[in-house]
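Proteins come first, then strands; the chains are lettered A, B, ... in the order of their sequence lines, and each starts at number 1.
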Amino acid sequence: MLQFFQNLGHSTLARFNKLGRASFFLIHALSGFPKVAVRPRLLINQLYSVGVLSFFITTISGLFVGMVLSFQGFHILADFGAEETLGVMVAASLVRELGPVMCALLFAGRAGSALTAEIGLMKATEQLSGMEMMAIDPIHRIIAPRYLAGIIAMPILAILFSCIGVLGGHLVGVSLLGVDNGSFWGQMQAKLDFWDDIFNGVIKSIVFGCAVTWIALFEGYDTLPTSEGVSRATTRTVVNSAFAILGLDFILTTLMFGDH
Amino acid sequence: MQHSSTQDTLVGLFVASGIIGLFFLAMQISNLSSFISDDGYTVNARFQNSGGLKIKSPVSVAGVKIGQVSAIHLGDDYRAIVTIKIKNQYNKLPSDTSASIFTAGLLGEQYINLEPGGMDDYLHDNSEIDITQSAIILEQALGQFLFKKSADK
(Lines give C-alpha, C1' and ligand atoms only; values in the text may rest on other atoms or scores of the structure.)
Protein backbone atom coordinates (compact mmCIF):
# COMPACT_ATOMS: atom_id res chain seq x y z
CA MET A 1 0.00 0.00 0.00
CA LEU A 2 2.74 2.39 0.99
CA GLN A 3 4.53 1.36 -2.16
CA PHE A 4 1.52 2.45 -4.22
CA PHE A 5 1.46 5.94 -2.71
CA GLN A 6 5.19 6.20 -3.09
CA ASN A 7 4.91 5.37 -6.79
CA LEU A 8 2.02 7.78 -7.23
CA GLY A 9 3.92 10.57 -5.52
CA HIS A 10 7.02 9.83 -7.51
CA SER A 11 5.26 9.91 -10.85
CA THR A 12 3.34 13.10 -9.93
CA LEU A 13 6.53 14.86 -8.91
CA ALA A 14 8.27 13.60 -12.03
CA ARG A 15 5.50 15.01 -14.21
CA PHE A 16 5.59 18.42 -12.56
CA ASN A 17 9.35 18.36 -12.75
CA LYS A 18 9.15 17.74 -16.49
CA LEU A 19 6.55 20.47 -16.93
CA GLY A 20 8.81 22.91 -15.13
CA ARG A 21 11.82 21.97 -17.26
CA ALA A 22 9.66 22.28 -20.37
CA SER A 23 8.57 25.79 -19.30
CA PHE A 24 12.13 26.97 -18.73
CA PHE A 25 13.08 25.38 -22.03
CA LEU A 26 10.30 27.32 -23.76
CA ILE A 27 11.35 30.63 -22.23
CA HIS A 28 14.95 29.97 -23.15
CA ALA A 29 13.96 29.13 -26.73
CA LEU A 30 11.76 32.24 -27.02
CA SER A 31 14.65 34.40 -25.80
CA GLY A 32 16.63 33.08 -28.77
CA PHE A 33 14.18 34.49 -31.36
CA PRO A 34 16.01 37.83 -31.77
CA LYS A 35 19.18 35.91 -32.58
CA VAL A 36 17.31 34.03 -35.33
CA ALA A 37 16.48 37.37 -36.93
CA VAL A 38 20.21 38.04 -37.21
CA ARG A 39 20.76 34.72 -38.98
CA PRO A 40 17.74 34.21 -41.28
CA ARG A 41 19.58 31.41 -43.07
CA LEU A 42 19.00 29.10 -40.07
CA LEU A 43 15.28 29.85 -40.22
CA ILE A 44 15.04 29.29 -43.97
CA ASN A 45 16.74 25.90 -43.68
CA GLN A 46 14.26 24.88 -41.02
CA LEU A 47 11.26 26.25 -42.89
CA TYR A 48 12.37 24.06 -45.77
CA SER A 49 12.56 20.86 -43.73
CA VAL A 50 9.52 21.57 -41.54
CA GLY A 51 7.26 23.31 -44.04
CA VAL A 52 8.15 22.60 -47.65
CA LEU A 53 8.75 18.90 -47.03
CA SER A 54 5.35 18.62 -45.30
CA PHE A 55 3.66 20.29 -48.25
CA PHE A 56 2.68 17.20 -50.20
CA ILE A 57 1.29 15.10 -47.38
CA THR A 58 -0.75 18.08 -46.22
CA THR A 59 -2.22 19.04 -49.58
CA ILE A 60 -2.95 15.47 -50.64
CA SER A 61 -4.63 14.70 -47.32
CA GLY A 62 -6.58 17.93 -47.64
CA LEU A 63 -7.77 16.99 -51.10
CA PHE A 64 -9.02 13.60 -49.96
CA VAL A 65 -10.59 14.88 -46.76
CA GLY A 66 -12.50 17.48 -48.77
CA MET A 67 -13.60 14.91 -51.33
CA VAL A 68 -14.80 12.42 -48.73
CA LEU A 69 -16.54 15.14 -46.73
CA SER A 70 -18.37 16.31 -49.82
CA PHE A 71 -19.35 12.79 -50.78
CA GLN A 72 -20.72 11.85 -47.36
CA GLY A 73 -22.32 15.21 -46.77
CA PHE A 74 -24.12 15.13 -50.10
CA HIS A 75 -26.04 11.95 -49.35
CA ILE A 76 -27.17 13.17 -45.93
CA LEU A 77 -28.10 16.64 -47.15
CA ALA A 78 -29.88 15.22 -50.20
CA ASP A 79 -32.38 13.53 -47.86
CA PHE A 80 -33.52 16.97 -46.75
CA GLY A 81 -33.30 18.52 -50.19
CA ALA A 82 -30.52 20.77 -48.95
CA GLU A 83 -27.72 19.84 -51.37
CA GLU A 84 -27.04 23.53 -52.00
CA THR A 85 -25.65 23.89 -48.49
CA LEU A 86 -22.97 21.30 -49.26
CA GLY A 87 -20.45 24.07 -49.88
CA VAL A 88 -21.18 25.62 -46.49
CA MET A 89 -20.81 22.29 -44.74
CA VAL A 90 -17.54 21.39 -46.43
CA ALA A 91 -15.98 24.83 -46.05
CA ALA A 92 -17.13 25.45 -42.48
CA SER A 93 -15.96 22.09 -41.17
CA LEU A 94 -12.64 22.43 -42.99
CA VAL A 95 -11.88 26.02 -42.06
CA ARG A 96 -13.03 25.81 -38.45
CA GLU A 97 -12.04 22.32 -37.35
CA LEU A 98 -10.64 19.80 -39.79
CA GLY A 99 -8.11 22.10 -41.42
CA PRO A 100 -6.27 23.13 -38.26
CA VAL A 101 -6.74 19.83 -36.38
CA MET A 102 -6.02 17.29 -39.13
CA CYS A 103 -3.16 19.39 -40.39
CA ALA A 104 -1.67 19.64 -36.88
CA LEU A 105 -1.95 15.88 -36.42
CA LEU A 106 -0.20 15.32 -39.75
CA PHE A 107 2.33 17.97 -38.82
CA ALA A 108 3.08 16.18 -35.54
CA GLY A 109 3.57 12.92 -37.39
CA ARG A 110 5.56 14.32 -40.28
CA ALA A 111 7.59 17.22 -38.88
CA GLY A 112 7.31 16.79 -35.10
CA SER A 113 8.68 13.27 -35.00
CA ALA A 114 11.52 14.29 -37.33
CA LEU A 115 12.42 17.20 -35.05
CA THR A 116 12.45 14.97 -31.96
CA ALA A 117 14.57 12.35 -33.64
CA GLU A 118 16.99 14.97 -34.96
CA ILE A 119 17.44 16.77 -31.64
CA GLY A 120 17.49 13.48 -29.72
CA LEU A 121 20.22 12.11 -31.94
CA MET A 122 22.18 15.35 -31.59
CA LYS A 123 21.98 14.88 -27.86
CA ALA A 124 22.85 11.17 -27.99
CA THR A 125 25.91 11.91 -30.13
CA GLU A 126 26.81 14.79 -27.79
CA GLN A 127 26.65 17.42 -30.49
CA LEU A 128 24.68 19.67 -28.15
CA SER A 129 27.31 19.30 -25.42
CA GLY A 130 29.96 19.98 -28.05
CA MET A 131 28.29 23.26 -28.91
CA GLU A 132 28.15 24.26 -25.28
CA MET A 133 31.88 23.54 -25.07
CA MET A 134 32.38 26.03 -27.91
CA ALA A 135 30.33 28.60 -25.94
CA ILE A 136 27.44 28.39 -28.43
CA ASP A 137 24.08 28.17 -26.76
CA PRO A 138 22.47 25.10 -28.40
CA ILE A 139 18.99 26.26 -27.50
CA HIS A 140 19.50 29.56 -29.28
CA ARG A 141 21.32 28.06 -32.22
CA ILE A 142 19.44 24.77 -32.75
CA ILE A 143 16.09 25.00 -30.99
CA ALA A 144 14.98 28.61 -31.56
CA PRO A 145 15.05 28.55 -35.40
CA ARG A 146 13.21 25.24 -35.45
CA TYR A 147 10.58 26.54 -33.08
CA LEU A 148 10.03 29.69 -35.09
CA ALA A 149 9.87 27.66 -38.30
CA GLY A 150 7.22 25.40 -36.76
CA ILE A 151 5.12 28.37 -35.70
CA ILE A 152 5.34 29.94 -39.16
CA ALA A 153 4.86 26.75 -41.17
CA MET A 154 1.84 25.38 -39.31
CA PRO A 155 -0.72 28.09 -40.20
CA ILE A 156 0.47 28.12 -43.82
CA LEU A 157 -0.02 24.37 -44.03
CA ALA A 158 -3.44 24.59 -42.39
CA ILE A 159 -4.56 27.31 -44.82
CA LEU A 160 -3.39 25.22 -47.76
CA PHE A 161 -5.14 22.16 -46.30
CA SER A 162 -8.43 24.06 -46.12
CA CYS A 163 -8.06 25.55 -49.62
CA ILE A 164 -7.28 22.26 -51.27
CA GLY A 165 -10.00 20.59 -49.20
CA VAL A 166 -12.63 23.02 -50.45
CA LEU A 167 -11.43 22.51 -54.01
CA GLY A 168 -11.63 18.74 -53.48
CA GLY A 169 -15.14 19.15 -52.11
CA HIS A 170 -16.03 21.24 -55.14
CA LEU A 171 -14.59 18.58 -57.44
CA VAL A 172 -16.77 15.83 -55.97
CA GLY A 173 -19.83 17.93 -55.14
CA VAL A 174 -20.15 19.99 -58.28
CA SER A 175 -18.39 18.00 -60.98
CA LEU A 176 -19.34 14.51 -59.84
CA LEU A 177 -22.60 14.74 -57.87
CA GLY A 178 -24.09 17.69 -59.72
CA VAL A 179 -24.59 20.35 -57.04
CA ASP A 180 -25.14 23.75 -58.61
CA ASN A 181 -21.83 25.60 -58.92
CA GLY A 182 -23.29 28.99 -58.08
CA SER A 183 -25.06 27.94 -54.92
CA PHE A 184 -22.05 25.90 -53.80
CA TRP A 185 -19.92 29.07 -53.67
CA GLY A 186 -22.72 31.53 -53.01
CA GLN A 187 -24.09 29.85 -49.89
CA MET A 188 -20.54 29.40 -48.65
CA GLN A 189 -19.81 33.09 -49.02
CA ALA A 190 -23.10 34.03 -47.40
CA LYS A 191 -22.63 31.83 -44.34
CA LEU A 192 -18.91 32.06 -43.60
CA ASP A 193 -17.35 35.12 -42.07
CA PHE A 194 -13.71 36.03 -42.55
CA TRP A 195 -12.98 37.01 -38.96
CA ASP A 196 -15.28 34.56 -37.17
CA ASP A 197 -14.43 31.50 -39.19
CA ILE A 198 -11.25 31.80 -41.20
CA PHE A 199 -9.25 34.03 -38.89
CA ASN A 200 -10.19 31.92 -35.86
CA GLY A 201 -9.10 28.83 -37.77
CA VAL A 202 -5.74 30.47 -38.46
CA ILE A 203 -5.36 31.37 -34.77
CA LYS A 204 -6.10 27.76 -33.90
CA SER A 205 -3.41 26.52 -36.24
CA ILE A 206 -0.87 28.97 -34.81
CA VAL A 207 -1.64 27.69 -31.29
CA PHE A 208 -1.31 24.09 -32.49
CA GLY A 209 1.96 24.97 -34.21
CA CYS A 210 3.35 26.39 -30.96
CA ALA A 211 2.18 23.37 -28.94
CA VAL A 212 3.32 20.65 -31.34
CA THR A 213 6.73 22.16 -32.02
CA TRP A 214 7.29 22.82 -28.33
CA ILE A 215 6.46 19.22 -27.44
CA ALA A 216 8.59 17.85 -30.29
CA LEU A 217 11.64 19.96 -29.48
CA PHE A 218 11.43 19.44 -25.74
CA GLU A 219 11.01 15.67 -26.03
CA GLY A 220 14.06 15.60 -28.25
CA TYR A 221 16.06 17.82 -25.94
CA ASP A 222 14.98 15.93 -22.83
CA THR A 223 15.52 12.43 -24.22
CA LEU A 224 17.70 9.78 -22.71
CA PRO A 225 20.82 9.80 -24.86
CA THR A 226 20.39 6.23 -26.09
CA SER A 227 18.82 4.79 -29.20
CA GLU A 228 15.94 3.44 -27.11
CA GLY A 229 15.49 6.82 -25.46
CA VAL A 230 15.26 8.56 -28.85
CA SER A 231 12.71 6.05 -30.10
CA ARG A 232 10.58 6.51 -26.98
CA ALA A 233 10.84 10.28 -27.20
CA THR A 234 9.66 10.17 -30.82
CA THR A 235 6.67 8.08 -29.84
CA ARG A 236 5.88 10.41 -26.95
CA THR A 237 6.02 13.39 -29.29
CA VAL A 238 3.34 12.00 -31.57
CA VAL A 239 1.11 10.77 -28.72
CA ASN A 240 1.41 13.88 -26.55
CA SER A 241 0.99 16.18 -29.55
CA ALA A 242 -2.24 14.41 -30.48
CA PHE A 243 -3.58 14.84 -26.94
CA ALA A 244 -2.49 18.46 -26.81
CA ILE A 245 -4.06 19.24 -30.19
CA LEU A 246 -7.40 17.65 -29.38
CA GLY A 247 -7.55 19.14 -25.90
CA LEU A 248 -6.58 22.62 -27.07
CA ASP A 249 -9.02 22.35 -29.95
CA PHE A 250 -11.89 21.74 -27.55
CA ILE A 251 -10.89 24.71 -25.40
CA LEU A 252 -10.39 27.02 -28.38
CA THR A 253 -13.65 25.93 -30.01
CA THR A 254 -15.66 26.68 -26.87
CA LEU A 255 -13.94 30.06 -26.59
CA MET A 256 -14.35 31.00 -30.26
CA PHE A 257 -17.63 29.46 -31.32
CA GLY A 258 -19.29 28.98 -27.94
CA ASP A 259 -21.45 32.09 -28.09
CA HIS A 260 -23.15 31.27 -31.39
CA MET B 1 24.33 24.35 -47.65
CA GLN B 2 25.01 23.47 -51.26
CA HIS B 3 21.42 23.70 -52.57
CA SER B 4 20.95 27.03 -50.95
CA SER B 5 19.27 28.90 -53.80
CA THR B 6 16.77 26.15 -54.71
CA GLN B 7 15.93 25.89 -51.04
CA ASP B 8 15.35 29.63 -50.88
CA THR B 9 13.07 29.43 -53.90
CA LEU B 10 11.07 26.55 -52.44
CA VAL B 11 10.66 28.28 -49.08
CA GLY B 12 9.63 31.44 -50.89
CA LEU B 13 7.08 29.54 -52.95
CA PHE B 14 5.81 27.85 -49.80
CA VAL B 15 5.25 31.12 -47.96
CA ALA B 16 3.74 32.73 -51.07
CA SER B 17 1.35 29.81 -51.51
CA GLY B 18 0.25 30.30 -47.90
CA ILE B 19 -0.51 33.96 -48.53
CA ILE B 20 -2.34 33.16 -51.77
CA GLY B 21 -4.28 30.46 -49.92
CA LEU B 22 -5.39 32.92 -47.25
CA PHE B 23 -6.39 35.36 -49.98
CA PHE B 24 -8.37 32.60 -51.69
CA LEU B 25 -10.15 31.74 -48.44
CA ALA B 26 -10.94 35.38 -47.79
CA MET B 27 -12.26 36.12 -51.26
CA GLN B 28 -13.80 32.89 -52.43
CA ILE B 29 -15.07 31.27 -49.25
CA SER B 30 -15.95 34.03 -46.85
CA ASN B 31 -17.98 37.15 -47.42
CA LEU B 32 -15.04 39.51 -47.08
CA SER B 33 -15.29 40.54 -50.73
CA SER B 34 -18.82 41.86 -50.21
CA PHE B 35 -17.53 44.14 -47.45
CA ILE B 36 -15.00 45.84 -49.64
CA SER B 37 -17.76 47.68 -51.44
CA ASP B 38 -19.04 49.09 -48.17
CA ASP B 39 -20.85 51.99 -49.80
CA GLY B 40 -24.58 51.98 -49.57
CA TYR B 41 -27.40 53.74 -47.83
CA THR B 42 -29.32 52.66 -44.76
CA VAL B 43 -33.04 52.70 -44.17
CA ASN B 44 -34.95 51.74 -41.03
CA ALA B 45 -38.01 49.54 -40.84
CA ARG B 46 -40.14 48.98 -37.75
CA PHE B 47 -41.53 45.50 -37.26
CA GLN B 48 -43.98 44.18 -34.69
CA ASN B 49 -41.85 41.06 -34.52
CA SER B 50 -38.50 40.56 -36.17
CA GLY B 51 -38.65 36.79 -35.71
CA GLY B 52 -35.41 34.99 -36.43
CA LEU B 53 -33.92 37.83 -38.42
CA LYS B 54 -30.19 38.27 -37.82
CA ILE B 55 -27.53 40.77 -38.67
CA LYS B 56 -26.35 40.03 -42.24
CA SER B 57 -29.67 38.45 -43.18
CA PRO B 58 -30.28 39.15 -46.87
CA VAL B 59 -32.60 41.87 -48.13
CA SER B 60 -34.07 41.28 -51.54
CA VAL B 61 -36.42 42.73 -54.10
CA ALA B 62 -38.12 40.22 -56.39
CA GLY B 63 -35.65 37.59 -55.21
CA VAL B 64 -32.57 39.66 -56.08
CA LYS B 65 -30.32 40.41 -53.13
CA ILE B 66 -29.84 44.17 -52.87
CA GLY B 67 -28.47 44.53 -49.36
CA GLN B 68 -28.37 43.12 -45.87
CA VAL B 69 -29.54 43.75 -42.34
CA SER B 70 -26.91 45.78 -40.50
CA ALA B 71 -28.50 46.24 -37.06
CA ILE B 72 -31.55 45.16 -35.08
CA HIS B 73 -32.62 46.87 -31.87
CA LEU B 74 -35.70 47.59 -29.83
CA GLY B 75 -37.42 50.95 -30.26
CA ASP B 76 -39.24 52.87 -27.51
CA ASP B 77 -42.61 51.69 -28.83
CA TYR B 78 -41.50 48.09 -28.18
CA ARG B 79 -41.19 47.41 -31.85
CA ALA B 80 -38.06 46.07 -33.49
CA ILE B 81 -36.14 48.64 -35.52
CA VAL B 82 -34.30 46.83 -38.29
CA THR B 83 -31.60 48.81 -40.05
CA ILE B 84 -31.09 47.74 -43.64
CA LYS B 85 -28.09 48.57 -45.75
CA ILE B 86 -28.86 48.74 -49.44
CA LYS B 87 -26.25 48.98 -52.17
CA ASN B 88 -25.97 52.36 -53.87
CA GLN B 89 -26.77 50.98 -57.29
CA TYR B 90 -30.33 50.26 -56.07
CA ASN B 91 -31.27 53.82 -55.15
CA LYS B 92 -34.52 53.97 -57.12
CA LEU B 93 -36.81 52.36 -54.53
CA PRO B 94 -40.09 54.30 -54.12
CA SER B 95 -40.65 55.79 -50.67
CA ASP B 96 -43.81 53.74 -50.07
CA THR B 97 -41.92 50.49 -50.47
CA SER B 98 -43.18 47.87 -48.04
CA ALA B 99 -40.99 45.40 -46.16
CA SER B 100 -41.96 41.93 -45.03
CA ILE B 101 -40.03 39.18 -43.29
CA PHE B 102 -40.21 35.91 -45.14
CA THR B 103 -38.71 32.52 -44.57
CA ALA B 104 -36.71 30.84 -47.29
CA GLY B 105 -38.35 27.44 -47.53
CA LEU B 106 -40.25 25.87 -44.65
CA LEU B 107 -37.34 25.81 -42.22
CA GLY B 108 -34.85 28.06 -43.96
CA GLU B 109 -33.37 31.31 -42.75
CA GLN B 110 -35.40 34.49 -42.64
CA TYR B 111 -34.91 37.40 -44.98
CA ILE B 112 -36.52 40.74 -45.72
CA ASN B 113 -38.42 41.13 -48.96
CA LEU B 114 -39.06 44.65 -50.20
CA GLU B 115 -42.12 45.29 -52.34
CA PRO B 116 -41.70 48.53 -54.34
CA GLY B 117 -44.66 50.90 -54.21
CA GLY B 118 -45.76 53.57 -56.69
CA MET B 119 -44.60 56.90 -55.27
CA ASP B 120 -42.46 59.25 -57.32
CA ASP B 121 -39.87 60.05 -54.64
CA TYR B 122 -37.30 57.49 -53.61
CA LEU B 123 -35.96 56.04 -50.37
CA HIS B 124 -32.76 57.79 -49.27
CA ASP B 125 -30.29 57.51 -46.42
CA ASN B 126 -31.96 57.20 -42.97
CA SER B 127 -35.47 57.19 -44.37
CA GLU B 128 -38.08 54.97 -42.77
CA ILE B 129 -40.14 52.18 -44.29
CA ASP B 130 -43.69 52.61 -42.94
CA ILE B 131 -45.52 49.60 -44.30
CA THR B 132 -44.13 46.44 -42.76
CA GLN B 133 -45.28 42.91 -42.24
CA SER B 134 -43.84 40.94 -39.35
CA ALA B 135 -42.32 37.53 -39.42
CA ILE B 136 -44.76 34.66 -39.28
CA ILE B 137 -44.02 32.64 -36.19
CA LEU B 138 -44.79 29.05 -37.02
CA GLU B 139 -45.81 28.17 -33.45
CA GLN B 140 -48.24 31.08 -33.28
CA ALA B 141 -49.82 30.19 -36.60
CA LEU B 142 -50.14 26.56 -35.56
CA GLY B 143 -51.61 27.56 -32.20
CA GLN B 144 -54.23 29.77 -33.85
CA PHE B 145 -55.07 27.03 -36.30
CA LEU B 146 -55.56 24.45 -33.55
CA PHE B 147 -57.60 26.91 -31.47
CA LYS B 148 -59.92 27.54 -34.41
CA LYS B 149 -60.28 23.84 -35.07
CA SER B 150 -61.34 23.09 -31.51
CA ALA B 151 -63.71 26.08 -31.48
CA ASP B 152 -65.44 24.82 -34.63
CA LYS B 153 -66.42 21.54 -33.03
Side-chain angles (χ1 to χ4, degrees), chain A residues 40-55 58-59 62 80-82 84-85 87-88 90-92 94-95 99 149 152-167 169-170 185-199 201-202 205 260, chain B residues 1-38 52-60 63-70 72 84-85 87 102-112:
Chain A
R41 165 78 22 218
L42 290 175
L43 178 65
I44 290 172
N45 288 339
Q46 291 314 314
L47 267 178
Y48 178 77
S49 66
V50 167
V52 176
L53 295 181
S54 310
F55 180 81
T58 312
T59 47
F80 303 99
E84 281 75 31
T85 49
V88 184
V90 171
L94 274 169
V95 166
I152 295 172
M154 181 63 222
I156 296 179
L157 290 170
I159 288 168
L160 290 171
F161 187 98
S162 300
C163 286
I164 306 278
V166 171
L167 292 178
H170 180 264
W185 293 114
Q187 294 251 356
M188 200 189 283
Q189 287 165 8
K191 289 280 168 59
L192 289 186
D193 185 71
F194 179 74
W195 296 109
D196 280 353
D197 295 314
I198 293 170
F199 191 67
V202 173
S205 62
H260 291 191
Chain B
M1 284 285 157
Q2 62 267 44
H3 302 298
S4 189
S5 62
T6 38
Q7 209 173 51
D8 283 1
T9 318
L10 286 171
V11 171
L13 283 175
F14 174 67
V15 175
S17 70
I19 293 167
I20 293 168
L22 188 63
F23 190 73
F24 170 80
L25 286 179
M27 289 302 146
Q28 194 68 36
I29 290 175
S30 80
N31 47 7
L32 193 69
S33 51
S34 65
F35 278 104
I36 288 173
S37 57
D38 207 26
L53 209 62
K54 287 193 280 286
I55 289 172
K56 282 195 233 156
S57 289
V59 176
S60 59
V64 181
K65 191 186 168 190
I66 61 160
Q68 59 184 14
V69 173
S70 63
I72 302 172
I84 299 167
K85 184 154 214 157
K87 289 179 197 156
F102 286 155
T103 310
L106 191 59
L107 301 167
E109 61 169 350
Q110 297 199 297
Y111 67 97
I112 292 183

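- Only the side chain of A/Leu167 comes within contact range of chain B, with at least one heavy atom under 4.5 Å from a heavy atom of that chain.
- Looking only at heavy-atom pairs under 4.5 Å with chain B, the residue among A/Val88, A/Val202, A/Leu47, A/Ile198 that has the most is A/Ile198.
- In this structure, the side chains of A/Leu160 and A/Thr58 stay at 4.5 Å or more apart for every pair of heavy atoms.
- For A/Ala82, no part lies near chain B; criterion is any non-hydrogen pair under 4.5 Å.
- For the pair A/Met188 and A/Val166, the minimum side-chain heavy-atom distance is below 4.5 Å.
- Under a 3.5 Å cut-off, the side chain of B/Gln68 and the backbone N or O of B/Lys85 do not form any donor-acceptor pair.
- When heavy atoms are compared at a cutoff of 4.5 Å, A/Phe55 approaches chain B solely by way of its side chain, counted from C-beta outward.
- Between B/Phe24 and A/Trp185, the ring-plane angle classifies as perpendicular under the 30° and 60° cut-offs.
- Note on A/Ile156, A/Leu157, A/Ile152: by heavy-atom pairs under 4.5 Å with chain B, the leading option is A/Ile156.
- Inter-residue side-chain proximity for A/Asp193 and A/Phe199 is flagged as unmet; no heavy-atom pair is nearer than 4.5 Å.
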